[in-house]
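Okay, so here's the structure we're looking at.
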2 protein chains.
Amino acid sequence: MQGAARQSLTERASGADPSLDGKGPLFGQIKRAVAGQILRGRWQAGERLPNEEQLSSLYGVSRQTVHKAIALLAREGFLVRRRRAGTFVASVRNDRFALPIEDIGDVIARSGGVYEFRILDRKTLRNGEAIRWPDVPDGTPLLSLECLHLSDGAPIQFERRLVNLDAVPEVADEPFDSVAPSRWLVNQVPWSSAEHTVKAVNAAADIAALLGVEPGTACLSIRRQTVHLNRSITLVHFLSVGERFSLSGSSITDSATELNL
Amino acid sequence: MQGAARQSLTERASGADPSLDGKGPLFGQIKRAVAGQILRGRWQAGERLPNEEQLSSLYGVSRQTVHKAIALLAREGFLVRRRRAGTFVASVRNDRFALPIEDIGDVIARSGGVYEFRILDRKTLRNGEAIRWPDVPDGTPLLSLECLHLSDGAPIQFERRLVNLDAVPEVADEPFDSVAPSRWLVNQVPWSSAEHTVKAVNAAADIAALLGVEPGTACLSIRRQTVHLNRSITLVHFLSVGERFSLSGSSITDSATELNL
DNA sequence: CGGCTGATTATGTACATACATTATCGTCGC
DNA sequence: GCGACGATAATGTATGTACATAATCAGCCG
């Protein structure tokens, strides 16, 4: 269906482009062709590609189309481009391990468990009084929450959270009797950047008691700070029993997906 | 689909001053302007944007330039576009927590430590003999490695690795006396996708002895499988002392970075 | 009423052209 | 030899134009 319709676009007489597969838009075909050369190792790291002019005559398309394909590949990290110097195969792909940011309730529900949460503690205070959140000015009103997440009745994650009441004043009126704080915040407050730290810790006695495990049990500790409009929104610390909780994710380059590599 | 909330933003936009900031390329200014409206909450999730024609006259640029800006924002997940229907503010940003995939030697070197590694064990075997790697056919020749990474002489990470010798036969001849396996593989073999699992475990006695900690110490466990050209390349399991090692990263949307939000 | 169908509309792709931006390279002058 | 400097070659941006594609909408007809 695609192939036939495409020919009517511009009946290019030659069409002798052995490397293009004829599927989908031209710029996508170019992307696949070039990414294929790289992923299959034919164009080695650091090598210089033909320039846009050469590629355009090689593939029989206009420079704009080549430019779009190559610029996208550069944006995806396969290529590095320097004016006047040319286009090079990226020597190091600065790949990233991507983990989805999900509400734990969703995760539990999806895995078939029954999700519950309990608010263990809730108070408002000012920064610097009992707790200091370094990235927020002293004296800023904060909401402090402690919360336990359960799957099928078993404690699975302990959450300690600070919310900047200057940035999100509405949260003060929210009872959190049906919606968990994390979900409420995700739905309510957009964020523009988040920082995470993940480490492993041995459970202290009080946390262990809450989570129903022996003191010293390995727990995954996730600290997340969310920022929006130059203001810190929330600082949250999750502690989860190692046995019952893990993070997982995959990194797949778009081009690899297209190529079925 | 989203029944009610499709009011045109054209009139509202006349109230909001669409002035561009004049910094950098036009399409980038448009991106910032539009992303700003969304991130500041002026254009709500599900709302419909003015079409490219309207935006182009609103900002006084050509449709192509608007198209480029909007298409990029759509690619970044801020917008959803449907032909004939229009462009809508994405209701859910499927945000991801990105962790860099780095060689531990680099990490240690950057933090000023002296990096060393020791190969503790090396053997070749066939899949299914002593070990089974589920994603690889039984009988496939494998290289099995155990390796310890040290920072300033102190053990910091234990690595157990399987390499598919059908996919990377050259690895059989590599002595790994100066280059660590992870670095060798990163430089040698491109990969197109990787899967990770992160959890916390209590160190078993033998691992604890290797890492020089008490048995039961919380360790971060990272499992990574790398795939290329539809073949599994390597399966590696890292165990690091929680005290001495953590993962950290940040997720920042490109547009937010540009906006300094 | 309900389904088919064709017109309409918004996005998507492609090409041509022009000019801007910048490293790089080679040459000139010292 | 070495530094300044301009020519040059590559990518980057912007616009115009044309047509393709897809989904919606309205109206027609059964």
Side-chain angles (χ1 to χ4, degrees), chain A residues 1-15 17 20-34 47-75 78-90 258, chain B residues 1-3 6-10 20-34 47-75 78-90 258:
Chain A
M1 179 172 189
Q2 289 264 53
R6 185 134 305 281
Q7 316 233 346
S8 65
L9 201 154
T10 345
E11 86 267 31
R12 55 183 60 80
S14 62
D17 315 325
L20 299 183
D21 54 18
K23 288 176 196 157
L26 274 177
F27 76 88
Q29 298 180 42
I30 310 271
K31 274 187 66 179
R32 280 196 295 279
V34 172
E47 259 185 284
R48 179 174 168 175
L49 265 65
N51 68 31
E52 295 186 351
E53 209 57 65
Q54 295 170 309
L55 285 173
S56 95
S57 67
L58 175 64
Y59 290 119
V61 302
S62 72
R63 179 167 93 88
Q64 298 55 259
T65 305
V66 166
H67 176 75
K68 184 169 182 178
I70 299 296
L72 284 171
L73 283 174
R75 182 173 280 264
F78 279 91
L79 302 172
V80 175
R81 316 197 77 188
R82 274 165 36 233
R83 276 172 163 148
R84 163 75 220 232
T87 302
F88 302 85
V89 177
E258 288 175 8
Chain B
M1 209 172 172
Q2 58 272 58
R6 51 174 59 184
Q7 109 196 50
S8 169
L9 293 179
T10 324
L20 304 178
D21 55 19
K23 289 174 195 156
L26 274 177
F27 77 88
Q29 298 181 43
I30 310 273
K31 274 187 68 180
R32 279 197 294 281
V34 172
E47 267 183 287
R48 179 175 168 176
L49 265 64
N51 69 30
E52 295 186 352
E53 210 57 65
Q54 295 170 310
L55 286 173
S56 95
S57 66
L58 176 65
Y59 291 117
V61 301
S62 72
R63 179 167 93 86
Q64 295 54 261
T65 304
V66 166
H67 176 76
K68 185 171 182 179
I70 299 296
L72 284 171
L73 283 173
R75 183 173 280 264
F78 279 90
L79 302 172
V80 175
R81 316 197 78 188
R82 282 178 12 247
R83 275 168 163 152
R84 163 74 220 232
T87 302
F88 302 86
V89 178
E258 288 174 7

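Below, chain A is the first sequence line, B the second, and so on; all start at residue 1.
Distance check: B:Arg75 CZ to A:Arg75 CZ gives 8.5 Å after rounding to the nearest 0.5 Å. Here CG of A:Leu55 is found 12.0 Å from OG1 of A:Thr65. Values are rounded to the nearest 0.5 Å. From B:Glu47, atom CD reaches atom CG of B:Leu79 across 12.0 Å, with rounding to the nearest 0.5 Å. Separation of atoms CG (B:Leu49) and CZ (B:Arg81) is listed at 8.5 Å; rounding is to 0.5 Å. Annotation: the span from B:Leu72 atom CG to B:Lys31 atom NZ amounts to 5.0 Å, rounded to 0.5 Å.
Taking side-chain N and O atoms only, A:Thr87 has a distance below 4.0 Å to OP1 or OP2 of D:dT11. Between A:Arg81 and D:dA10 there is no side-chain polar atom (N or O) within less than 4.0 angstrom of OP1 or OP2. Remark: A:Thr65 is in phosphate contact with C:dC15, judged by side-chain N or O atoms under 4.0 Å from OP1 or OP2. Under 4.0 angstrom from either OP1 or OP2 of C:dT24 there lies at least one side-chain N or O belonging to A:Arg82.
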Taking only N/O atoms, report every protein-nucleotides 5-9 of chain C pair under 3.5 Å with atom names and distance.
{"residue": "C:dT8", "atom": "O2", "partner": "B:Arg84", "partner atom": "NH1", "Å": "2.6"}

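If you take NZ of A:Lys68 and C1' of D:dT13, they are 15 Å apart, rounded to a whole angstrom. Between B:Ile70 atom CD1 and C:dT13 atom P the separation is 15 Å, expressed in whole Å. Residue B:Phe88 contributes atom CZ, which lies 11 Å from atom C1' of D:dA23 at whole-angstrom precision. Rounded to an integer number of Å, the gap from CG of A:Leu72 to C1' of D:dT13 is 15 Å. Atom P of nucleotide D:dT13 and atom CZ of B:Arg63 are separated by 19 Å, given to the nearest angstrom. Whole-Å rounding puts the A:Leu20 CG to C:dT13 P distance at 16 Å. Going from atom CG of B:Leu73 over to atom P of C:dG12 covers 12 Å, rounded to whole Å. Summarising the geometry, the separation between CD on A:Gln64 and C1' on D:dG16 is reported as 12 Å, rounded to the nearest angstrom.
Residue pairs meeting the salt bridge (charged side-chain N to carboxylate O under 4.0 Å, His left out) criterion with at least one partner in residues 53-74 of chain B, sequence neighbours excluded, are B:Glu52-B:Arg63.
The side-chain hydrogen bond (donor to acceptor under 3.5 Å, both in side chains) test applied to A:Ser56 returns no partner, not counting sequence neighbours.
If you check every strand for non-hydrogen atoms under 4.0 Å, B:Glu52 touches sugar and phosphate atoms only.
Residue-to-nucleotide contacts include no donor-acceptor pair under 3.5 Å from the side chain of A:Glu53 to the base of D:dA10.
The side chain of A:His67 lies closest to D:dT13 when the candidates are D:dT13, C:dC15, C:dT13.
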